[in-house]
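This structure is a prediction, so every number in the text was calculated from the model and none was measured.
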Amino acid sequence: MDETNQYRCPGRHAVITGGANGIGLAIAGQLCEAGASVSLWDRDEAALGAARAALPPTAKIDSAVVDVMRPESVEAASQATLERHGQIDILVNSAGITGPNATVWDYPIAAWDEVISINLRGTFLSCRAIVPSMRAKGYGRIVNIASIAGKEGNPNASAYSASKAGVISLTKSLGKELADTAIRVNCVTPAAVETGMFAQMTPQHIAYMLAKIPMNRFGQPIEIARLVTWLASADCSFSTGGVFDASGGRATY
Ligand SMILES: NC(=O)c1ccc[n+]([C@@H]2O[C@H](COP(=O)([O-])OP(=O)(O)OC[C@H]3O[C@@H](n4cnc5c(N)ncnc54)[C@H](O)[C@@H]3O)[C@@H](O)[C@H]2O)c1
């Protein structure tokens, strides 16, 4: 696959939550190639080190151990990033977990709370912490990584599906709240993408997701990263509160 990125984000600074792995890491690579500098926020310190080593030596990267579930962690990281870089032009919310695969009636309550806290509340907390500085600067691009599960509701993944439906609605609300500014807020809804996240799911659930994709293959992180790079660039100007598909033909709306 040709990996040349056509979009440009020169001089922009981006924060990517969940940036140490998978889709977030691929987005970091694309944004660096587009001329941005990037702060990777992730709760996995070892993975952050590996991610920094995996990115090209020319990439302008730093990293912070952040738990997006915890307001004080997100707020401290926002402040430190702003002090260091002076601005956060781009926020990509990619931190997420799937939680266990189980029916609603068997779903452990603590696991439900954790999925909602990371996927939905974490996205809210990052937006809440960073939007004021974007408003002050008069520019911003926010891209939330939702999921096709948030549109359709996958069986045996109710917490995940509900959290991602919440991310879609949060994106629509925030997009409208900021529509009269130069800040754009959009989300993407990938179908199954081959990342380390598969280790959290049962083989049956992975097979279910593949069977639903008309292209009959999983997505690759770079394919999501390219869409996100456009949404994170100034070229994305008349779209906000939008939900962008990357599902190999699965989505019907
Ligand atoms: N892989 C897929 O099939 C798929 C499909 C649709 C949407 N998504 C979404 O894409 C996003 C990225 O997923 P991925 O496939 O790259 O998974 P991944 O597991 O490879 O990466 C997720 C990252 O989030 C981090 N993270 C988890 N909880 C965190 C927390 N509380 N604070 C900070 N960081 C935390 C993890 O450490 C990890 O580095 C997720 O929001 C996921 O729901 C994934």
Exercise. Looking at side-chain heavy atoms only, is the closest gap between Cys9 and Leu31 below 4.5 Å?
Worked result: yes
Exercise. Do Thr240 and Arg184 have side-chain N/O donor and acceptor atoms under 3.5 Å apart?
Worked result: no
Exercise. Any donor and acceptor pair, going by atom type alone, linking the side chain of Ser169 with main-chain N or O of Gly166 inside 3.5 Å?
Worked result: no
Exercise. Does any non-hydrogen side-chain atom of Trp230 lie less than 4.5 Å from one of Gln6?
Worked result: no
For this session: Kindly write out the residues that satisfy side chain to side chain contact (heavy atoms under 4.5 Å, CB included) with Ile168, not counting sequence neighbours, or none if the list is empty.
Result: Ala146, Lys151, Lys172, Cys187, Thr189, Val243
Exercise. Is the shortest distance from a Lys or Arg side-chain nitrogen in Arg250 or Glu152 to a carboxylate oxygen in the other one below 4.0 Å?
Worked result: yes
Exercise. How far apart are the C-alpha atoms of Phe124 and Leu170, what are their side-chain angles, what is the distance that settles it, and do they pass the side chain to side chain contact (heavy atoms under 4.5 Å, CB included) test?
Worked result: CA-CA 7 Å; Phe124 158 70; Leu170 168 63; 4.1 Å; yes
For this session: Could you walk me through whether Met69 and Arg43 pass side chain to side chain contact (heavy atoms under 4.5 Å, CB included), step by step?
Result: CA-CA 10 Å; Met69 281 198 290; Arg43 68 176 175 180; 4.3 Å; yes
Exercise. Can you pull the salt bridge (charged side-chain N to carboxylate O under 4.0 Å, His left out) pairs that have at least one residue in residues 119-132, sequence neighbours excluded?
Worked result: Glu75-Arg128
Exercise. Can you find a pair of side-chain heavy atoms, one from Thr17 and one from Val66, that are under 4.5 Å apart?
Worked result: no
Seminar exercise, completed: Note: Arg52 and Ser63 closest approach over all heavy atoms is NH1-OG, 3.1 Å
Problem set entry | Shortest non-hydrogen contact from Ala192 toward Ile213 | N-CD1, 4.1 Å
Problem set entry | Atom of Asp89, atom of Met134 and distance for their closest heavy-atom approach | O-CE, 3.5 Å
Exercise. Does the side chain of Thr123 pick up a donor-acceptor pair with the side chain of Asn144 at under 3.5 Å?
Worked result: no
Exercise. Between Gln30 (side chain) and Ile27 (backbone), is there a donor-acceptor pair under 3.5 Å?
Worked result: no
Exercise. Can you check side chain to side chain donor-acceptor pair (under 3.5 Å) on His85 and Ser37, steps first, answer last?
Worked result: CA-CA 9 Å; His85 296 281; Ser37 53; 4.5 Å; no
Problem set entry | Tyr107 side chain vs Ala157 backbone, donor-acceptor pair below 3.5 Å | no
For this session: Establish whether Val131 and Leu82 are linked, either directly or via other cluster members, by ILVMFWY side-chain heavy-atom contacts under 4.5 Å.
Result: yes
For this session: Output yes when a side-chain donor or acceptor of Ser78 lies under 3.5 Å from a complementary backbone atom of Ile130, and no otherwise.
Result: no
Problem set entry | Intermediate values then yes/no, side chain to side chain contact (heavy atoms under 4.5 Å, CB included), Arg217 and Glu194 | CA-CA 9 Å; Arg217 68 170 176 86; Glu194 238 170 342; over 6 Å; no
Problem set entry | Whether Ser163 side chain and Tyr160 backbone form a donor-acceptor pair below 3.5 Å | yes
Problem set entry | Contacts of Thr103 that satisfy side-chain hydrogen bond (donor to acceptor under 3.5 Å, both in side chains) - sequence neighbours left out | Trp105, Asp106
Problem set entry | Residue Gln79 excluded, over 12 heavy atoms near CD under 6.0 Å | no
Exercise. Is Ile224 reachable from Val143 through a run of hydrophobic residues whose side-chain heavy atoms are each under 4.5 Å from the next?
Worked result: yes
Problem set entry | Interatomic distance, Ile16 atom CD1 to Ile90 atom CD1 [nearest 0.5 angstrom] | 8.5 Å
Exercise. Would Glu33 and Arg226 satisfy salt bridge (charged side-chain N to carboxylate O under 4.0 Å, His left out), going step by step from the backbone distance to the final call?
Worked result: CA-CA 11 Å; Glu33 197 183 304; Arg226 287 189 174 135; over 6 Å; no
Problem set entry | Steps toward side chain to side chain contact (heavy atoms under 4.5 Å, CB included) verdict (Ser158, Trp112) | CA-CA 8 Å; Ser158 58; Trp112 173 281; 3.3 Å; yes
For this session: Please indicate whether Gln200 has more than 12 foreign heavy atoms, meaning atoms of other residues, nucleotides or ligands, lying under 6.0 Å from its CD.
Result: yes
Seminar exercise, completed: Taken to the nearest 0.5 Å, the spacing of Ser133 OG from Ile88 CD1 works out to 5.0 Å
Exercise. Which pair of non-hydrogen atoms, one from Cys32 and one from Val38, has the smallest distance, and what is that distance?
Worked result: SG-CG2, 3.8 Å
Problem set entry | Same cluster (ILVMFWY, side-chain, under 4.5 Å), Leu231 and Val92 | yes
Exercise. So, Lys164 side chain and Ile145 main chain: donor-acceptor pair closer than 3.5 Å or not?
Worked result: yes
Exercise. How many angstroms lie between atom CG of Leu227 and atom CD1 of Ile222, to the nearest 0.5 angstrom?
Worked result: 12.0 Å
For this session: Return yes if some donor-acceptor pair links the side-chain N/O of Asn186 with the main-chain N/O of Ser239 below 3.5 Å, else return no.
Result: yes
Exercise. Are Val188 and Val228 close enough that some pair of their side-chain heavy atoms sits under 4.5 Å apart?
Worked result: yes
Exercise. Are Asp62 and Arg84 ion-paired here, with the side-chain N under 4.0 Å from a carboxylate O?
Worked result: yes
Exercise. Do Val68 and Leu125 come within less than 4.5 Å of each other through their side chains, counting heavy atoms only?
Worked result: no
Problem set entry | Close side-chain approach of Val193 to Phe218, heavy-atom, < 4.5 Å | no
Exercise. Taking side chain as C-beta onward, heavy atoms only, is Asn21 less than 4.5 Å from Leu25?
Worked result: no
For this session: Please round to the nearest 0.5 Å and tell me the distance separating atom CD1 of Ile23 and atom CD of Gln220.
Result: 10.5 Å
Problem set entry | Side-chain touch Asn119/Ile97, heavy atoms, less than 4.5 angstrom | yes
For this session: Give a yes or no on whether the backbone of Leu48 and the side-chain of Asp42 come within a donor-acceptor separation of less than 3.5 Å.
Result: no
For this session: For Ala20 and Ala51, work out which heavy atoms get closest and say how close.
Result: O-CB, 3.6 Å
Seminar exercise, completed: Heavy-atom nearest pair, Trp41 first then Val74, reads CH2-O, 4.0 Å
Seminar exercise, completed: So CG of Asn156 and CD of Gln204: to nearest 0.5 Å the spacing works out to 9.5 Å
Seminar exercise, completed: Rounded to the nearest 0.5 angstrom, the OG-CG distance for Ser39 and Leu91 is 11.0 Å
For this session: Determine whether Ile183 and Val15 fall in the same hydrophobic cluster, where Ile, Leu, Val, Met, Phe, Trp and Tyr are linked whenever their side-chain heavy atoms lie under 4.5 Å apart.
Result: yes
